[in-house]
Amino acid sequence: MRIVDLLKPEAIRLNQSIADKSEAIERLIALHDSVGNIADKDVFREEILKREGLGSTAVGEGIAIPHAKSGTVTSPGLAAMTAPDGVDYGAPDGKPSDILFMIAAPLDGDLHLEVLSRLMTLLMDEGLRTALKTAKTPEEFLSAIDRMESERFDEPKPEPKQDGYRVLAVTACPTGIAHTYMAAEALEKAGREMNYLLKAETNGSAGAKNVLTAEEIAACDGIIVAADKSVEMSRFDGKPVLSVPVSDGIHKPKELIERIQSGSVPVYHHTGAKAAVTSGQNESFGRKLYKHLMNGVSHMLPFVVAGGIFIALAFLIDTAAGVDPKEAGGAFGTVNSVAAWFKNIGGYAFNFMIPVLAGFIAMSIADRPGLLVGVVGGILATNGATFTDPGAVSTVPSGFLGALLAGFVAGYLVLCVEKLCEKLPRSLEGIKPVLIYPLAGLAIVSVMMCAVNPVMGMINDGMNEGLMKLHDMHLDVLLGAIVAGMMAIDMGGPFNKAAYVFGSTVMLGGALSMADPDVAYSIMAAVMIGGMVPPIAIALSTTFFKNRWTAEERKNGVVNYIMGLSFITEGAIPYAASYPLAVIPSCVVGSAVAGALTILFKCTLMAPHGGIFVFAVVGNWYWYLVALAAGSVVGMLMLALLKKKARVDESNN
């Protein structure tokens with residue numbers, strides 16, 4: 001769909017004086033309303049502000065493109081304004097925005113992404129930006145867009161020379177929206193200006209577009225990979241490849257093309273790694289690890305979010321059905337048949353979460369041969385299988401920390417296997433990926449994880465004994481802080497499991513004989529609050545310290561409010577996996593504070609899980625909320641101290 005078909009002259013205002021970002025949003029919404037694009041301004045405003053809450057939609061170069069999908073959109077469309085004096089819209093380059101478009105898209109489809117990518121491609125042209133800012137009438141404004149749109153998208157592109165495109169490029173950013181297309185357009189434009197024919201493939205949110213063909217790759221002088229996430233590299237084997245951040249593709253396109261022209265870029269030799277590129281710009285080992293980790297986390301997130309919300313709905317349905325959490329005990333969330341359906345489906349999604357994390361870390365490192373190794377390693381980390389107990393009947397899982405180990409170690413071990421197999425006869429090439437690599441990889445990861453998991457069991461037994469001694473010494477406040485902190489260490493691993501089993505066993509009276517049963521119920525309350533704090537602390541941080549997080553992390557942070565209140569600690573796992581040195585200590589301290597306060601305030605809990613949905617059986621629930629808020633705020637503040645600011649190109653995608 002063309003831009004000029006979505007933008008009516010009546011929805012354009014030129015040379016406006018705008019005081020601030022809020023006024024700009026209000027005026028653009030009013031324009032949409034005036035031409036009948038939306039049915040309810042208030043509802044649409046909420047969606048626009050919700051998107052802005054994830055990070056500014058200003059992209060630099062004086063451009064801001066607020067956008068939202070909403071059920072109140074009656075007709076997809078655009079509204080536009082120019083502001084000669086500019087407006088502070090929070091752009092990554094710090095400059096005011098003087099060209100503003102607002103996209104109103106219906107809920108079905110990805111129209112907003114298509115329009116956004118097309119707009120970004122057009123607005124990368126400085127001549128168009130100048131024409132829009134100097135337009136005297138809405139018709140002149142539309143005419144400038146129409147000319148550029150026809151030139152860029154309607155007219156056939158120049159045919160490559162007989163020897164093919166001189167330079168090829170691949171662009172990709174973590175969210176696959178603005179910067180992916182900005183880099184592609186900047187590189188293609190620079191190529192045209194330098195008379196050096198260039199084709200750019202975009203790995204956007206809607207999939208790869210303008211895909212490079214095998215013939216084009218074979219004929220080109222070199223390939224520029226401007227990406228902040230993993231891309232398919234095996235196809236570039238034997239060609240000069242220059243790997244750089246996506247921001248370099250936007251800001252240094254001519255320099256990158258000149259480096260390909262110079263012939264100084266080393267030839268890339270594929271070793272199975274998906275993103276490890278030998279290039280003129282040496283990529284640090286730490287950044288490579290970060291890319292592999294982000295590949296796992298990005299694939300895991302849908303399982304965490306969807307599964308967590310389904311489980312929260314199960315608790316809500318049982319609560320609405322009048323189920324008594326105290327009587328239901330561990331069955332809470334599954335008593336009502338509808339609740340049980342949601343709980344089971346959510347549980348299935350959660351079961352995939354850790355294996356997917358490990359699998360895609362390993363795949364990022366070792367390409368497809370690594371996927372099997374990582375997934376199986378993640379499953380073994382989840383169920384705790386050992387040599388003597390392969391069915392994991394009575395063992396302790398190593399959790400997401402074990403899955404991280406499985407993903408990284410197994411991925412690199414598969415690369416070693418591939419290296420060793422290079423000596424095999426060429427006649428075996430066909431069976432390597434379907435037989436040799438999977439067999440060797442499965443053997444490696446099973447031995448590794450079955451050796452790691454028993455250690456977790458020994459740690460678990462030691463922790464149980466230590467916790468019991470703390471109670472015998474009448475150090476219950478310290479005990480509350482420790483069990484709550486343990487819930488936040490590995491979020492499903494041995495520490496978390498030991499604390500939860502200890503708390504639930506004590507609550508049921510099976511581990512300790514206590515003169516005061518309220519102490520047992522207080523310990524269970526400390527355990528649950530320790531599992532609630534990490535997601536809430538992260539959600540608060542993404543809300544109040546936005547510059548610490550990428551746009552994707554801020555977007556998913558909102559869901560952690562629901563997960564934290566529902567006692568679904570796993571909502572914090574993607575953040576803990578991405579930034580363990582900042583997230584884990586912050587969550588542990590916040591949970592410990594909440595746990596200690598729970599004991600001090602003599603809060604009690606008579607149900608083993610359920611979060612806010614079992615507050616009906618919480619003793620002193622008002623002080624319990626105070627403890628929860630205090631621990632969450634402490635965790636948020638620690639995160640603000642320990643977590644570095646996100647890079648500009650990450651935080652504004």
Side-chain angles (χ1 to χ4, degrees), residues 160-161 163-174 176 179-191 194 196-204 208-292 294-295 363-370 411-412 415 418-419 422 649:
K161 300 174 184 178
D163 57 351
Y165 288 97
R166 303 288 301 282
V167 180
L168 300 176
V170 180
T171 63
C173 61
H179 289 82
T180 297
Y181 300 99
M182 290 169 70
E185 178 62 18
L187 286 163
E188 289 190 344
K189 179 182 176 184
M194 299 169 69
Y196 211 74
L197 200 58
L198 185 147
K199 175 183 177 181
E201 171 185 305
T202 54
N203 282 204
K209 300 293 175 65
N210 206 31
V211 177
L212 310 180
T213 67
E215 292 77 12
E216 290 165 350
I217 294 170
C220 75
D221 294 340
I223 300 106
I224 299 167
V225 177
D228 284 339
K229 68 176 184 179
S230 297
V231 299
E232 182 57 54
M233 296 297 300
S234 59
R235 52 189 168 155
F236 302 144
D237 186 49
K239 302 295 295 187
V241 176
L242 178 62
S243 180
V244 297
V246 70
S247 57
D248 283 3
I250 298 170
H251 302 297
K252 304 176 182 177
K254 290 186 178 180
E255 178 184 323
L256 301 180
I257 294 172
E258 286 170 354
R259 289 171 67 179
I260 295 290
Q261 280 180 316
S262 69
S264 61
V265 176
V267 171
Y268 168 67
H269 295 291
H270 186 65
T271 58
K274 199 172 185 181
V277 184
T278 303
S279 70
Q281 175 174 311
N282 291 325
E283 191 172 36
S284 69
F285 182 67
R287 180 163 174 77
K288 292 176 183 177
L289 291 181
Y290 176 76
K291 280 188 175 182
H292 300 322
M294 286 300 100
N295 194 56
M363 185 175 180
S364 180
I365 296 168
D367 216 334
R368 290 181 184 176
Y412 283 111
L415 291 184
E418 292 180 350
K419 195 73 175 175
E422 288 179 359
D649 57 313

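Below, each value reflects all heavy atoms present in this structure, side chains not excepted, and no hydrogens, waters or symmetry copies. Treat the numbers as computed from the prediction; the structure is a model and nothing was measured.
Contact record, Ala169 with Leu198: CB-CD2, 4.3 Å, taken as the closest heavy-atom pair. Smallest separation of non-hydrogen atoms from Ala366 and Gly411: CB-O, 3.5 Å. Nearest heavy-atom pair across Arg235 and Glu232 is NE-O, 3.0 Å. Smallest separation of non-hydrogen atoms from Thr202 and Ala184: CG2-CB, 3.5 Å. Taking all atoms of both residues into account, the shortest heavy-atom contact from Pro253 to Ala186 is CB-O, 3.6 Å. When all heavy atoms of Lys254 and Ala190 are compared, the closest pair comes out as CG-CB, 3.8 Å.
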- Item | Candidate pair Phe236 and Val225, rule side-chain contact (heavy atoms from CB on, under 4.5 Å), full reasoning | CA-CA 10 Å; Phe236 302 144; Val225 177; 4.2 Å; yes
- Check step by step if side-chain contact (heavy atoms from CB on, under 4.5 Å) holds for Ile257 and Ile224. CA-CA 8 Å; Ile257 294 172; Ile224 299 167; 4.2 Å; yes
- Item | Worked check of side-chain contact (heavy atoms from CB on, under 4.5 Å) between Met233 and Val241 | CA-CA 9 Å; Met233 296 297 300; Val241 176; 3.9 Å; yes
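Arg259 CZ to Leu242 CG: the interatomic distance, rounded to the nearest 0.5 Å, is 4.5 Å. The structure places CD of Glu258 at 11.0 Å from OG of Ser264, a figure rounded to the nearest 0.5 Å. Residue Asn210 holds its CG atom at 10.0 Å from CG of Leu168, rounded to the nearest 0.5 Å. The distance from the OH atom of Tyr268 to the OG atom of Ser234 is 7.0 Å, given to the nearest 0.5 Å.
Within the 3.5 Å criterion, the main-chain N or O of Leu212 finds a donor-acceptor partner in the side chain of Glu201. Between the side chain of Thr171 and the backbone N or O of Thr180, at least one donor-acceptor pair lies under 3.5 Å. Between the side chain of Lys209 and the backbone N or O of Asn203, no donor-acceptor pair lies under 3.5 Å. No donor-acceptor pair under 3.5 Å is formed between the side chain of Asp221 and the backbone N or O of Val167.
Using a 4.5 Å heavy-atom cutoff, the side chains of Glu418 and Pro369 are in contact. Looking at His292 and Tyr412, their side chains come closer than 4.5 Å, going by heavy atoms from C-beta outward. Side-chain contact between Ile217 and Lys239: present, with at least one pair of heavy atoms (C-beta onward) separated by less than 4.5 Å. Two residues are said to be in side-chain contact when any heavy atoms from C-beta on lie closer than 4.5 Å; Met194 and Gln261 meet this criterion.
Using a 4.0 Å cut-off between charged nitrogen and carboxylate oxygen, Glu216 and Lys199 count as a salt-bridge pair.
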